[in-house]
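The structure displayed is predicted, hence computed values, not measured ones.
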Amino acid sequence: MDGAVRLEVADGVAELVIDRPAKHNAVTPAMAAELAEHARRIDADDAVRAVLLRGAGSRAFCAGSDLHALAAYPDAWAFRNRVVYEAAIRGIRKPVIAALKGWTLGGGAEMALASDLRIAARSTRIGFPEVTRGWVGGGGASQMLPRLIGYGAAMRLLLTGEPVDAEEAQRLRLVEQVVEDGAEEEVARALCRTLAGFSPVAVQAVKAAVRQALEAPLSAGLAYENEMNVLCFAAGDHREGIRAFAEKRDAAFKR
């Protein structure tokens, strides 16, 4: 099958590009393996401080898994052992900003949920249509949606399979910002550049602490937050932050 996932790195920002526009960037098993490998490279590369996740073309961010590829799995065991590309995105330790446009469905919507912030073009249509095909999504929607938007709103999206537009997605808190079509990538890229200028230890500590809040009781979460705070001070970047404040300039974190 055609399609690929490209990784481009510049100025501290890694761009993960789902590149199969003729098929609404639907993900094949080979592309899923590429996504997982790129995610590992991103975490291993100290030059990368933030990640922009986007789809090629103008019609879609990602329409999810390629249905013909799903039908080609020989049995349930082979399907169980597939590469779960949504989990690869969720596992990246660095902040991930998703630039959404057009169709954002199924596994594509789950990749958006796995990201940390979502910038949506007005053309964006987010949906979880798996129930209409006879299954439940396996990339995190049933677990992440209730945590992000609440039980009732999550059940509405998952049980009906009906997509919502960008404005409704923002009202539901599925996305953080809605912009005009064509502006989503540059807005997301500018945000990535801003994050790339901060202390990478602090940025990753923020992500780790907030992710912990989704899973831990309050007492454990507060203790974990304090440990992340201590880690930041041990790393020493706070000294540059304090100097920059005193000297009335932008901090220059070298790590």
Side-chain angles (χ1 to χ4, degrees), residues 1-7 16-39 53-92 96 98-115 118 120-121 123-146 148-149 153-166 168-169 172 174-175 181 184:
M1 292 184 180
D2 61 332
V5 179
R6 294 186 281 111
L7 176 61
L16 266 178
V17 186
I18 308 164
D19 192 0
R20 199 183 179 210
K23 297 294 184 180
H24 295 312
N25 297 319
V27 177
T28 66
M31 292 168 67
E34 287 180 331
L35 266 169
E37 179 57 31
H38 288 325
L53 178 63
R54 62 183 179 89
S58 60
R59 297 186 298 167
F61 168 69
C62 174
S65 298
D66 182 276
L67 295 184
H68 296 294
L70 289 180
Y73 281 99
D75 52 41
W77 187 253
F79 177 71
R80 177 191 182 272
N81 293 318
R82 73 197 185 282
V83 175
V84 183
Y85 55 89
E86 305 93 335
I89 299 300
R90 189 178 305 109
I92 294 174
V96 179
L100 309 180
K101 62 191 169 191
W103 295 113
T104 302
L105 303 174
E110 288 175 315
M111 280 196 290
L113 292 179
S115 302
R118 291 154 286 274
S123 65
T124 303
R125 299 294 181 271
I126 301 176
F128 304 87
E130 289 89 344
V131 70
T132 70
R133 306 299 182 195
W135 62 85
V136 61
S142 68
Q143 303 306 300
M144 293 301 297
L145 274 175
L148 291 175
I149 66 176
M155 290 296 280
R156 169 193 161 197
L157 294 180
L158 294 173
L159 284 177
T160 68
E162 295 177 357
V164 294
D165 62 22
E168 176 71 356
L172 291 172
L174 266 176
V175 303
D181 289 351
E184 69 283 349

Which atom of Ser142 lies closest to which atom of Leu158, heavy atoms considered: CA-CD1, 3.8 Å
Any residue meeting side-chain contact (heavy atoms from CB on, under 4.5 Å) with Pro21, in chain and number order, not counting sequence neighbours: Asp19, Asn25, Ala56
Exam field: side chain His38 to backbone Val5, donor-acceptor pair closer than 3.5 Å: yes
side-chain contact (heavy atoms from CB on, under 4.5 Å) between Glu130 and Arg133, worked out: CA-CA 5 Å; Glu130 289 89 344; Arg133 306 299 182 195; 5.8 Å; no
Within-4.5 Å side-chain heavy-atom neighbours: Leu148 and Leu172: no
Residues forming a side-chain contact (heavy atoms from CB on, under 4.5 Å) with Ala169, sequence neighbours excluded: Ile126, Val164, Leu174, Val175
Qualifying residues under side chain to side chain donor-acceptor pair (under 3.5 Å), relative to Glu168, sequence neighbours excluded: Arg156, Arg171
In a table with atom names and distances, give each donor-acceptor pair under 3.5 Å that connects a side chain of residues 98-107 to protein atoms at least two apart or in another chain.
from: Lys101; atom 1: NZ; to: Gly55; atom 2: O; distance (Å): 2.8
from: Lys101; atom 1: NZ; to: Gly57; atom 2: O; distance (Å): 2.5
from: Lys101; atom 1: NZ; to: Glu185; atom 2: OE2; distance (Å): 3.1

Ala32 versus Val83, closest heavy-atom pair with distance: O-CG1, 3.5 Å
Pairwise side-chain contact, Arg125 with Asp165, heavy-atom cut-off 4.5 Å (strictly under): yes
Closest heavy-atom pair and its distance - Ala166, Ala121: CB-O, 3.4 Å
Listed once per pair and sorted, the side-chain hydrogen bond (donor to acceptor under 3.5 Å, both in side chains) pairs that draw on residues 54-65, sequence neighbours left out: Glu15-Arg54, Ser65-Tyr85
Which pairs would a plain distance check flag for residues 72-80, meaning a side-chain donor or acceptor within less than 3.5 Å of a matching protein atom at least two apart in sequence or in another chain?
from: Asp75; atom 1: OD1; to: Trp77; atom 2: N; distance (Å): 3.2
from: Asp75; atom 1: OD1; to: Ala78; atom 2: N; distance (Å): 2.8

Residue pair Leu16 / Ile89, side-chain heavy-atom distance below 4.5 Å: yes
Asp2 backbone acceptor or donor facing Arg20 side chain under 3.5 Å: yes
Residues in side-chain contact (heavy atoms from CB on, under 4.5 Å) contact with Glu86, at least two apart in sequence or another chain: Val84, Arg90, Glu110, Met111
Closest approach of Ala39 to Ile92 (non-hydrogen atoms, all atoms of both residues): CB-CG1, 3.8 Å
CG-OG1 distance between Leu70 and Thr28, expressed to the nearest 0.5 angstrom: 10.5 Å
